[in-house]
Number of protein chains: 2
Amino acid sequence: MSFTTSEENYIKGIFHLQQETGLVNTNSLAAEMQTRPASVTDMLKKLKSKKLLQYEKYKGFKLNEAGKKAALDVIRKHRLWEFFLVEKLKFDWDKVHPIAEELEHISSEELVQRLDNFLGNPSFDPHGDPIPDKNGKIPVIKQQSLSEIPFKKNVTVSSVGNQTAQMLDMLKHYNIAIGTQLTVLKKFEFDGSLEIKVSKQNACIISEQVAKNVFVHDVQ
Amino acid sequence: MSFTTSEENYIKGIFHLQQETGLVNTNSLAAEMQTRPASVTDMLKKLKSKKLLQYEKYKGFKLNEAGKKAALDVIRKHRLWEFFLVEKLKFDWDKVHPIAEELEHISSEELVQRLDNFLGNPSFDPHGDPIPDKNGKIPVIKQQSLSEIPFKKNVTVSSVGNQTAQMLDMLKHYNIAIGTQLTVLKKFEFDGSLEIKVSKQNACIISEQVAKNVFVHDVQ
DNA sequence: TTATATTTTTAGATTTATCTAAATTATATT
DNA sequence: AATATAATTTAGATAAATCTAAAAATATAA
Ligand SMILES: [Mn+2]
Ligand SMILES: [Mn+2]
Ligand SMILES: [Mn+2]
Ligand SMILES: [Mn+2]
């Protein structure tokens, strides 16, 4: 089965929302897709007729197994292309998302497989998100939010929750990227902000909001 | 100015036809694009309104300077991606065209520039066709059809006229690729076929039709 | 529990790209 | 030059993806 660019974007949007809420509803998908609820309803009919969705009018919807597999295919392509853009073309990691948003719709399966091999079959994209394999299997990693880490413990940044350009731009200023090692020194109870030390730089302070969106794992 | 995928494909089609005939007419473009003359007329109106064409009803049409620049941009992207697919992903050169036909429409200008640098700013694609630079400048190379080469002269294959999968598949069987060195031994007057010797292989015979579509230049 | 607000769907319009069939214009042949 | 043929355009239809406005269903609050 093959899908249009629009179908693929919707499938991916539903997948992301149902990760969090189980059932997805029309308005939240409309917000996610930056479109109108009426357009969502149109697309839901289409995806249901292609047997990718469980959907009852007014009751919400979610992808079935075929739909989830379709979503994981697109996510795999998106993250592989992001990896290519950062590792091979030396893009900054906060610039690649919109380009991967286009590249993920290139249809050749052989292209994806060869790209995967060319890149050395990476497990995580430049934002630390896992890259599904060709069967849709996702690697897992134990990680915690930076806001939950004990003081003085050495940890490695593994991914970022909020991936807006604004957030990524901010992290660049702190010199924080995937793989960066750091330690939490102190928590300010006043606003929940953290004093942290990033590798060889001077200690600095990040807001609670940033801390909650930075995920880390133990240093190997 | 940005263009839809369909607009870009038409622009490229017109460019290729006007290289040969100067003025292009509706039916030949319809044949080239595998569509209907009526669809061509619709698109001509659109491209004219975007000021890419000189077009008088019933009198034929051709791209103006803006149109030619737009065409060269797409051709540049197409050929850079083909180079990437063959050189980096190790695709056979007769498999890359349809994939590049999609990749050429990815819009990021920075992507193209970085890809160009990553590939080492190549001048020719895997079929021997020149890759325009970002200003639309095309490298030139003196080349002749294999059917015009004197006997026993050592030459290097520089490009292929007919780039259908059928032709490229045939050349693969003869072990002929861009960069292959060969010599013409004899011409059979009966059907115009040529006996040639490809590097260290046994001599073999190619039809006149193949010979006319293989272009070569002097060995450096 | 009834009234009000929110969510979702339907109905119908718009835009883009395409098509077929018919009309128009240009070219070739007698 | 008149007629036949070929090329091109127009008119109108279809399909996909979107939209707005209104109707219908559901959820919430007085
Ligand atoms: Mn996308
Ligand atoms: Mn990512
Ligand atoms: Mn194309
Ligand atoms: Mn080529």
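Below, read A as the first sequence line, B as the second, and so on, with proteins coming before strands; counting in each chain starts at 1.
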- Item | Member of B:Phe215, B:Trp93, B:Phe124 meeting the side chain to side chain contact (heavy atoms under 4.5 Å, CB included) criterion with B:Ile178 | B:Trp93
Flag the pair [X] and [Y] as a salt bridge only when some basic side-chain nitrogen lies within less than 4.0 angstrom of an acidic carboxylate oxygen.
| X | Y | value |
| --- | --- | --- |
| A:Glu7 | A:Lys50 | yes |
| B:Glu104 | B:Lys12 | yes |
| A:Glu65 | A:Lys68 | yes |
| A:Lys69 | A:Asp73 | yes |

Rounded distance in Å - [atom1] ([X]) to [atom2] ([N]):
| X | N | atom1 | atom2 | value |
| --- | --- | --- | --- | --- |
| B:Asn9 | C:dA17 | CG | C1' | 13 Å |
| B:Met33 | C:dA17 | CE | P | 12 Å |
| A:Gln34 | D:dT18 | CD | P | 13 Å |

- Among the nucleotides C:dC19, D:dT18, C:dT18, which one has an atom lying closest to any side-chain atom of A:Asp42? D:dT18
- Task: Please determine if A:Lys88 forms a cation-pi arrangement with B:Phe84, meaning its NZ or CZ atom is less than 6.0 Å from the six-membered ring centre and no more than 45° off the ring axis.
- Result: no
[X] side chain N/O closer than 4.0 Å to the phosphate oxygens (OP1, OP2) of [N]?
| X | N | answer |
| --- | --- | --- |
| B:Thr35 | C:dT18 | no |
| A:Arg36 | D:dT18 | no |
| A:Ser6 | D:dT18 | yes |

- Assign A:Ser39 to base, sugar-phosphate, or nothing according to its heavy-atom contacts below 4.0 angstrom with the strands shown.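 Counting heavy atoms under 4.0 Å across all strands, the contact made by A:Ser39 includes a base.
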- To the nearest 10 degrees, how far apart in direction are the end axes of the helix from C:dT1-D:dA30 to C:dT30-D:dA1, each fit to five base pairs? 10°
- Message: For A:Ala66, is there any backbone N or O sitting under 3.5 Å from a side-chain donor or acceptor partner on A:Asn64?
- Response: yes
Nucleotides 7-9 of chain D: which of its N/O atoms have a protein N/O under 3.5 Å away?
{"unit_1": "D:dT8", "atom_1": "OP2", "unit_2": "B:Asn27", "atom_2": "N", "d": "2.9"}
{"unit_1": "D:dT9", "atom_1": "OP1", "unit_2": "B:Tyr55", "atom_2": "OH", "d": "2.5"}
{"unit_1": "D:dT9", "atom_1": "OP1", "unit_2": "B:Tyr58", "atom_2": "N", "d": "3.1"}
{"unit_1": "D:dT9", "atom_1": "OP2", "unit_2": "B:Thr26", "atom_2": "OG1", "d": "2.7"}
{"unit_1": "D:dT9", "atom_1": "OP2", "unit_2": "B:Thr41", "atom_2": "OG1", "d": "3.1"}
{"unit_1": "D:dT9", "atom_1": "O4'", "unit_2": "B:Tyr58", "atom_2": "OH", "d": "3.1"}

- So do A:Leu111 and B:Leu85 actually touch side chain to side chain, heavy atoms under 4.5 Å? yes
